[in-house]
Amino acid sequence: MCKVGVLNTPPLARKIITRVDLYRYLERSSSSLQHLNQIHAQMLVNGFNKETNDNSLTTKFITTLFSSGVPHLASLVFNQLESPNVFLWTCMIRGFSYSGGFKESILFYDRMRRQGVRPSNFSFPFALKSCAVVEALFEGEEIHADALRLGFVSDVFIQTALLDMYMKCSRIEAAEKVFDEMGERNVVSWTAIISGYCRFGLLEQAQELFEEMPTKNAVTWNVMIDGLARCGALEAARQLFDKMPVRNIVSWTTMICGYSRKGDMANARLLFDQMPEREVVAWTSLISGYAQNGEPGQAIKVFEMMLAAGMKPDGVTMLGVISAVSQLGSLHLCAWIEDCISRCGFEADVRILNAVINMYVQCGCIGRALRAFEKITEKDIVSYNSMITGCATHGYTNGALSVFSQMIKMEVKPNGITFAGLLTACAHGGLVEEGRRYFRRMFDLGHVKITAKHYACMVDLLGRAGHLEEAYEVVLGMPIKPEASTWGALLGACRMHGNLSLAEVAAQRLFEMEPENPGNYTILANMYMERRMWDAAMGVRQLMKGNQIYKTAGTSWVEVTD
DNA sequence: CTAGGGTTAG
């Protein structure tokens with residue numbers, strides 16, 4: 001908290017401070033936290049925060065706290081105010097919306113209403129934006145009701161925010177109703193509804209309005225181009241791109257992403273090279289494009305170009321680069337990435353540190369993955385899950401189990417992915433009793449979403465250990481529809497332990513569910529042949545042929561070197 | 001010096 005104790009810090013404290021001075025200090029682009037402390041101290045001492053009819057300085061101060069990335073301090077300052085006016089309330093709603101605290105933003109709107117403060121026309125758009133992002137339809141509807149009650153409903157800004165909120169909450173008809181009832185529409189309203197249609201793949205409706213609307217701006221064109229590209233009409237998107245009057249960075253980036261999503265990195269690169277100016281998002285699009293399309297080496301090359309061009313990568317860029325390095329499996333590059341992360345100041349970004357765990361897991365370096373894991377001070381569920389799954393898939397059974405106990409000790413709630421990892425670990429390590437315990441615990445917890453994958457793990461675990469009947473019972477007792485992988489696990493276990501009668505049952509299901517998979521036929525046919533049951537084996541081969549299935553030749557990903 | 005709004009890309 002801002003302590004008045006910092007008051008004796010010169011130079012601010014030396015002379016008499018006026019409101020003007022404080023305004024000027026706040027308008028400086030980068031205020032350090034200490035600097036903000038001093039300003040707050042001055043405000044308290046001079047009583048600038050007490051004036052009930054003019055809170056503008058406090059508003060400005062709180063806004064600065066938000067834009068300095070310390071929303072919790074903004075809350076603290078706000079909570080000390082005696083009777084914040086609607087400006088201050090709006091400032092909180094906006095601040096949280098700006099800094100990603102959408103739930104808090106909605107909560108502040110709610111608090112304001114319960115305090116009996118009447119919102120202003122400025123309160124609505126921010127609150128509605130927050131509802132749109134977290135898809136809080138119920139709260140959005142409440143706010144809509146407020147707007148109706150308080151007579152704000154013909155405000156274009158509010159109407160546009162409403163229609164966008166409804167679209168983002170998948171209420172197309174409600175959005176259309178707002179749009180239809182608008183007395184006055186501008187480019188933004190038209191663009192908002194077109195954007196909504198595009199997100200739902202309703203291209204015809206989008207295009208119709210796009211033609212119909214009186215004036216378009218660059219955003220409108222970009223929305224339409226992106227909509228076409230995402231719906232697979234990349235050619236049409238390109239035509240619009242070529243036709244649009246004034247292209248901006250987003251237009252270029254949208255097209256680059258369109259090509260990249262389609263796997264056409266040649267055209268993506270061509271546009272990237274042609275675009276007049278590039279910033280982080282464009283660079284990142286190209287990098288992730290290469291990474292996602294199996295060209296990790298190119299991704300690294302472009303990243304190096306980006307650094308050489310003096311561009312500063314952000315978190316999303318790093319995620320793309322880390323994905324590329326994960327595919328390359330080079331420990332040398334891993335070390336380089338870790339260096340980049342600390343030099344660019346991403347050491348506190350959990351998402352990135354989690355990606356680093358996965359990177360080392362994919363490189364097969366569980367030791368380093370663990371080291372990266374342990375370095376994370378604020379581990380989240382993804383950190384734990386990555387480590388558990390990583391250990392499990394590499395056969396470090398005890399590692400997986402011990403990370404799980406750490407997770408429980410830290411009171412992080414395990415989810416379905418956690419248990420899939422644990423069951424995989426137990427299957428790998430042959431820990432039948434532990435596996436059964438985790439399986440039961442998963443149900444007992446009550447909140448875990450149990451999928452066919454969990455059952456497949458359990459069947460695999462029991463089956464490998466030779467408990468074939470129990471495995472079969474697990475499948476029969478499934479409350480959800482078994483997937484091919486479930487029966488596949490059972491069939492594999494039957495082959496391993498030579499249980500022909502159960503193998504026939506599993507194979508029968510698999511022939512129905514995935515008749516095109518040659519592996520199932522082969523396993524059963526081989527089991528018959530081992531027992532010299534030639535006719536039965538031939539029968540399976542005939543069935544396979546009848547289903548037009550041919551075994552594909554074995555391939556290896558191991559490179560041949562000389 | 002005197003507070004703030006709605007649509008687009010990774």
Side-chain angles (χ1 to χ4, degrees), chain A residues 18-27 48 51 54-64 66 85-95 97-98 119-129 132 152 155-165 167-168 178-179 182 185-199 213 216-227 229-230 237 241 244 247-258 260-261 268 272 275 278-289 291-292 313-321 323:
Chain A
T18 62
R19 308 184 71 82
V20 183
D21 293 324
L22 291 178
Y23 263 109
R24 207 170 293 139
Y25 284 125
L26 283 172
E27 268 162 9
F48 291 157
E51 292 155 69
D54 181 9
N55 282 315
S56 65
L57 189 59
T58 312
T59 310
K60 182 97 187 158
F61 181 63
I62 289 180
T63 304
T64 310
F66 275 115
N85 65 4
V86 64
F87 266 113
L88 280 156
W89 282 105
T90 304
C91 178
M92 295 306 288
I93 297 166
R94 183 185 69 125
S97 169
Y98 164 88
S120 78
N121 52 340
F122 281 89
S123 316
F124 292 98
F126 303 121
L128 287 169
K129 160 85 186 289
F152 285 111
D155 181 309
V156 200
F157 285 90
I158 296 173
Q159 287 171 314
T160 307
L162 276 170
L163 97 75
D164 186 55
M165 182 275 293
M167 275 298 192
K168 298 219 163 106
V178 173
F179 183 77
M182 287 176 81
R185 295 173 194 137
N186 57 26
V187 206
V188 184
S189 349
W190 284 93
T191 306
I193 195 161
I194 290 173
S195 163
Y197 280 138
C198 285
R199 263 198 310 276
M213 66 190 288
K216 307 170 184 49
N217 63 17
V219 179
T220 321
W221 286 88
N222 293 343
V223 163
M224 201 60 236
I225 291 169
D226 189 51
R230 279 181 200 269
F241 175 81
M244 74 183 283
R247 286 177 280 272
N248 61 21
I249 296 186
V250 179
S251 326
W252 289 87
T253 311
T254 303
M255 274 316 296
I256 291 172
C257 294
S260 148
R261 232 179 277 120
F272 180 83
M275 68 191 286
R278 308 170 186 89
E279 35 64 275
V280 217
V281 185
W283 285 96
T284 305
S285 306
L286 193 66
I287 291 169
S288 332
Q292 279 158 23
D314 68 8
V316 187
T317 322
M318 293 315 297
L319 290 177
V321 182
S323 155

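Naming: A, B, ... by sequence-line order, numbering from 1 per chain.
Heavy atoms of A:Thr220 sit nowhere under 4.0 angstrom from any nucleic acid atom. Using a 4.0 Å heavy-atom criterion, one finds that A:Glu279 contacts the bases of the nucleic acid, with or without backbone contacts as well. Nucleic acid contact class of A:Arg230 (heavy atoms, under 4.0 Å, all strands): sugar-phosphate only. Across all strands shown, A:Val316 has heavy atoms under 4.0 Å from base atoms, whether or not it also approaches the sugar-phosphate. Residue A:Ser260 is classed as having no contact, given no heavy-atom separation below 4.0 Å to the nucleic acid.
Counting to the nearest Å, the P atom of B:dG5 and the CG atom of A:Leu162 are 18 Å from each other. Atom CD1 in A:Ile193 sits about 14 Å away from atom C1' in B:dG6, given to the nearest Å. The separation between A:Asn222 atom CG and B:dG10 atom P is 12 Å, rounded to whole Å. When rounded to the nearest whole Å, the span between CD1 of A:Ile194 and C1' of B:dG6 equals 15 Å. As rounded to whole Å, 13 Å separates atom C1' of B:dG4 from atom CZ of A:Phe66. The distance between atom CE of A:Met213 and atom P of B:dT7, rounded to the nearest whole Å, is 15 Å. Separating the CZ atom of A:Phe152 from the C1' atom of B:dG5 is a distance of 12 Å, rounded to the nearest angstrom. Across the protein-nucleic acid pair, A:Leu128 atom CG and B:dT7 atom C1' stand 14 Å apart, rounded to whole Å.
A:Ser97 places no side-chain N or O within 3.5 Å of a backbone atom of A:Ile93 that could act as its donor or acceptor partner. At distances below 3.5 Å, at least one donor-acceptor pair connects side-chain atoms of A:Arg247 with backbone N or O atoms of A:Phe241. With A:Ser323 contributing its side chain and A:Leu319 its backbone, the two residues share no donor-acceptor pair below 3.5 Å. Proximity of a side-chain donor or acceptor of A:Thr63 to a complementary backbone N or O of A:Thr59 within less than 3.5 Å is detected. No side-chain donor-acceptor contact under 3.5 Å links A:Arg230 to the backbone of A:Cys198. Here the side chain of A:Asn186 pairs a donor or acceptor atom with the backbone of A:Ser189 at under 3.5 angstrom.
Residue A:Ser285 has its side chain nearest to B:dG10 when only B:dG4, B:dG10, B:dG6 are considered. Distance from the side chain of A:Pro125 is smallest for B:dG5 among the nucleotides B:dG10, B:dA3, B:dG5. Distance from the side chain of A:Phe126 is smallest to B:dG5 among B:dT8, B:dG10, B:dG5. Closest to the side chain of A:Asp314, out of B:dG10, B:dT7, B:dA3, is B:dG10. Of the listed nucleotides (B:dT8, B:dG6, B:dG10), B:dG10 has the atom at the smallest distance from the side chain of A:Val281. Side-chain proximity of A:Thr317 to B:dA9, B:dG10, B:dG4: nearest is B:dG10. Nearest nucleotide to the A:Ile249 side chain, out of B:dA9, B:dG4, B:dT7: B:dA9. Of the candidate nucleotides B:dT8, B:dG5, B:dA3, B:dT8 has the atom nearest to the side chain of A:Val250. When distances are taken from the side chain of A:Asp155 to each of B:dG5, B:dG10, B:dT8, the shortest belongs to B:dG5. The side chain of A:Thr63 has B:dG4 as its nearest neighbour among B:dG5, B:dG4, B:dG10.
The aromatic ring of A:Phe124 does not stack onto the base of B:dG5, failing the criterion of a centre distance under 5.5 Å from the six-membered base ring together with planes under 30° apart. For the pair A:Phe122 and B:dG4, the ring geometry qualifies as stacking, because the centroid separation is below 5.5 Å while the planes lie within an angle under 30°.
Distances shorter than 4.0 Å separate some side-chain N or O of A:Lys168 from OP1 or OP2 on B:dT8. Within the 4.0 Å cut-off from OP1 or OP2 of B:dA9, not a single side-chain nitrogen or oxygen of A:Arg247 is found.
Aromatic ring pairs are classed by plane angle as parallel below 30°, tilted from 30° to 60° and perpendicular above 60°; the pair A:Phe272 and A:Trp283 is perpendicular.
On a pure distance criterion of 3.5 Å, no polar donor-acceptor pair joins the side chain of A:Thr254 and the base of B:dA9.
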